[in-house]
Amino acid sequence: MNPNVDNIILVGFMGTGKSSVSHVLAARLGWNRIDTDVEIERRDGRSIPEIFENEGESAFRSIESEVIQNVLLGSRQVVATGGGAVLAEANREIMLKRGFTVALKASAEKIIERVRSDSARPLLKGNLEGRVKQLLEDRKHAYDFAHMQIDTSGLDVRSVAERIMEQAGL
Ligand code: S3P
């Protein structure tokens with residue numbers, strides 16, 4: 001077990017598998033699993049679509065940053081973050097400092113297939129295909145800062161988790 005790794009932090013676009021991979025990793029490591037979207041809803045008392053609707057994206061980003069800074073004070077956690085959590089530099093910095101940060105990637109087709117049945121993502125409202133492609137373009141380099149990159153398109157969740165543990169030395 002690599003004693004220098006306090007947390008594993010999963011970043012990546014919506015629908016790249018952060019949540020499913022975090023479940024497997026947390027079970028394998030015996031660590032706590034935290035989903036920052038769930039934490040935001042718990043602390044705020046409103047759902048993410050409600051926060052976006054009532055207060056807008058920038059208010060959501062402030063709450064998200066606060067949650068990330070707080071959660072990463074802890075250790076022995078697998079942290080699944082929202083797709084836009086990496087947009088704030090302060091968040092990228094603390095992620096790199098407080099854990100092994102892994103960017104999950106997937107093709108646009110795979111992402112569209114995975115997010116199609118879920119209506120809880122305000123940024124994908126409307127033309128789903130068009131929104132995913134536009135945001136993927138806008139965020140082309142947003143996840144490059146991570147310690148490790150992994151394409152989940154052709155892999156099952158277990159294999160993704162195995163590779164992450166191997167690279168993290170866990
Ligand atoms: C967002 C991703 C969502 C959620 C919010 C905004 C984004 O999380 O935080 O809807 O900006 O990419 P998931 O990546 O878990 O879907």
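Indexing begins at 1, ligand by ligand and atom by atom, following the structure's order. No experiment lies behind these values; they were computed from the predicted model shown.
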Taking 4.0 angstrom as the limit and counting only heavy atoms of [X], give me the atoms of ligand 1 inside it, by number and element.
X    : answer
R121 : 16 (O)
K18  : 13 (P), 14 (O), 15 (O)
D37  : 3 (C), 4 (C), 8 (O), 9 (O), 13 (P), 15 (O)
G82  : 8 (O), 9 (O), 14 (O)
P122 : 10 (O)
L123 : 7 (C), 11 (O)

**Item:** Test item: side-chain donor near acceptor, Q69 and N91, under 3.5 Å
**Value:**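 Yes - a donor-acceptor pair under 3.5 Å links their side chains.
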**Request:** State whether a side-chain donor-acceptor pair under 3.5 Å links Q77 with N32.
**Result:**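 Distance-only check fails for Q77 and N32.
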**Prompt:** For S20, which residues count as a side chain to side chain donor-acceptor pair (under 3.5 Å) partner, sequence neighbours excluded?
**Reply:**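 So S20 forms no side chain to side chain donor-acceptor pair (under 3.5 Å) with any residue.
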**Request:** Quick one: look at R139 and ligand 1, take heavy-atom pairs under 4.0 Å, and tell me if it's side chain, backbone, both or neither.
**Result:**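 The side chain, only.
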**Request:** Can you measure from CD (E166) to CZ (R163) and round to the nearest 0.5 angstrom?
**Result:**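 Result: 8.5 Å between the selected atoms.
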**Prompt:** Is the shortest side-chain N to carboxylate O distance from R46 to E55 below 4.0 Å?
**Reply:**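 Counted as a salt bridge, because a side-chain N and a carboxylate O are separated by less than 4.0 Å.
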**Request:** Work out whether the distance between some heavy atom of R61 and some atom of ligand 1 is less than 4.0 Å.
**Result:**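 Heavy atoms of R61 do come under 4.0 Å of ligand 1.
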**Message:** Please confirm whether E57 approaches ligand 1 to less than 4.0 Å, judged on its heavy atoms.
**Reply:**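 No, E57 has no heavy atoms under 4.0 Å from ligand 1.
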**Request:** Using the test ring pair (Phe, Tyr, Trp, His ring centres under 6.0 Å), find all partners of F52 that sit at least two apart in sequence or belong to another chain.
**Result:**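 Ring pair (Phe, Tyr, Trp, His ring centres under 6.0 Å) check on F52 returns F60.
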